[in-house]
Every structure is written in structure tokens, then in C-alpha cells.
Amino acid sequence: MEEYHQIEKNCKNCKFFKRHYVKSNTLFRATIEGHCINGEIPRIVRKNNMPCNNVCEKWESDKEVKEERKETIKEVLKNMRTTLIHIENILKDDLNQD
């Protein structure tokens with residue numbers, strides 16, 4: 001039997017919600033607030049901090065945004081690996097020249 005889970009619609013899982021973070025020592029920690037970047041919401045409303053448990057009629061799932069972020073991270077890591085291999089080869093070459 002397939003279970004059906006309905007997504008709880010709130011700001012924290014809306015594609016337009018940008019959560020705020022604070023720096024704590026060497027880490028960034030999520031706050032319980034953020035702001036909306038949906039251009040259809042009046043600027044006066046968007047610019048104010050809002051709790052991440054709010055919701056409005058403009059809510060859209062952030063699933064696609066999260067998938068895009070994962071793909072971007074994969075690509076960045078792949079490029080970093082290639083760069084590190086190049087650096088390793090340069091350093092090996094420098095050691096062999098001495």
C-alpha cells in the first residue's frame with residue numbers, strides 16, 4: 001500500500017523563500033527567518049523578515065530549486081577534483097625537477 005505524504009506548505013519549503021543565516025564561530029547557522037523574492041508579492045511585504053512557518057497563496061514547491069542546487073554542487077566538486085589533480089601534477093613535477 002502506497003503512503004501519501006502531503007507537503008506542508010510553508011515559507012521554508014517555498015522556492016521564493018530565502019532563509020537568513022548568522023555566522024557562529026566558523027559555521028553559518030540558519031535562523032528561523034528569511035525573506036521572499038517573489039516579484040508578485042508587494043515589496044513592502046517582501047522586504048520584511050518573515051518566519052519560515054508562514055505561507056501565502058503564491059507558495060510553490062522548492063523541490064526543483066533543491067535539485068538544481070545539487071546538480072550545481074556536483075559540477076563544482078567535479079571541477080574542484082580536476083583542479084586538485086592539476087595542482088598535484090604541478091607539485092610532483094616541481095619535486096622531480098629538484
Side-chain angles (χ1 to χ4, degrees):
M1 185 175 194
E2 191 174 316
E3 242 181 273
Y4 178 75
H5 295 284
Q6 186 171 357
I7 296 174
E8 181 183 356
K9 294 181 180 182
N10 53 38
C11 285
K12 71 181 170 192
N13 61 17
C14 177
K15 81 179 208 177
F16 300 112
F17 184 72
K18 297 301 175 194
R19 182 169 265 183
H20 295 169
Y21 290 82
V22 294
K23 186 176 179 199
S24 174
N25 295 320
T26 59
L27 302 173
F28 285 94
R29 299 190 187 273
T31 68
I32 60 167
E33 293 182 331
H35 66 276
C36 181
I37 61 167
N38 187 333
E40 295 180 21
I41 304 289
R43 182 167 163 66
I44 191 80
V45 174
R46 286 187 289 129
K47 75 175 189 166
N48 293 327
N49 289 349
M50 54 183 59
C52 59
N53 60 353
N54 277 6
V55 69
C56 73
E57 71 279 352
K58 303 292 185 186
W59 182 91
E60 291 184 36
S61 173
D62 65 351
K63 186 175 181 177
E64 187 177 299
V65 172
K66 286 181 178 177
E67 287 302 315
E68 288 173 7
R69 187 179 316 140
K70 283 181 192 176
E71 290 306 313
T72 300
I73 290 170
K74 285 180 188 177
E75 189 63 30
V76 167
L77 290 173
K78 181 178 155 188
N79 292 337
M80 287 174 66
R81 181 180 182 278
T82 301
T83 301
L84 288 172
I85 290 170
H86 290 165
I87 292 170
E88 177 186 28
N89 290 334
I90 291 168
L91 292 173
K92 281 181 182 178
D93 188 49
D94 286 352
L95 286 173
N96 290 335
Q97 289 181 8
D98 290 340

Inset, instruction - Treating Ile, Leu, Val, Met, Phe, Trp and Tyr as nodes and any side-chain heavy-atom pair under 4.5 angstrom as an edge, say whether Ile44 and Ile41 lie in one connected cluster. - result: yes
Inset, instruction - Any side-chain hydrogen bond (donor to acceptor under 3.5 Å, both in side chains) involving residues 49-61? Give me the pairs, sequence neighbours left out, ordered by first then second residue. - result: Asn13-Trp59, Lys15-Glu60, Glu33-Asn49, Glu40-Lys58
Inset, instruction - Indicate yes or no for a side-chain donor-acceptor contact from Arg46 to the backbone of Asn38 under 3.5 Å, with no hydrogens or angles considered. - result: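 Such a contact is found between Arg46 side chain and Asn38 backbone.
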Residues in salt bridge (charged side-chain N to carboxylate O under 4.0 Å, His left out) contact with [X], at least two apart in sequence or another chain:
{"X": "Glu64", "value": "none"}
{"X": "Lys74", "value": "Glu71"}
{"X": "Lys9", "value": "none"}

Expected list for residues 80-89: side-chain donor-acceptor pairs under 3.5 angstrom, two or more places apart:
unit_1	atom_1	unit_2	atom_2	d
Thr82	OG1	Lys78	O	3.2
Thr83	OG1	Asn79	O	3.0
Asn89	ND2	Ile85	O	3.3

Enumerate, atom names and distances included, each donor-acceptor pair closer than 3.5 Å involving a side-chain atom of residues 19-27, sequence neighbours excluded.
unit_1	atom_1	unit_2	atom_2	d
Arg19	NE	Thr31	O	3.3
His20	NE2	His35	ND1	2.9

Legend entry - Flag if over 12 foreign heavy atoms under 6.0 Å of CD1, Ile37: yes
Inset, instruction - Would you name the heavy atoms of Cys11 and Val55 that are closest together and state the gap between them? - result: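 That closest heavy-atom pairing would be SG-N, 4.2 Å.
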Inset, instruction - Nearest 0.5 Å please: distance from the CD atom of Glu68 over to the CD1 atom of Ile73. - result: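 Glu68 atom CD to Ile73 atom CD1 measures 12.0 Å (nearest 0.5 Å).
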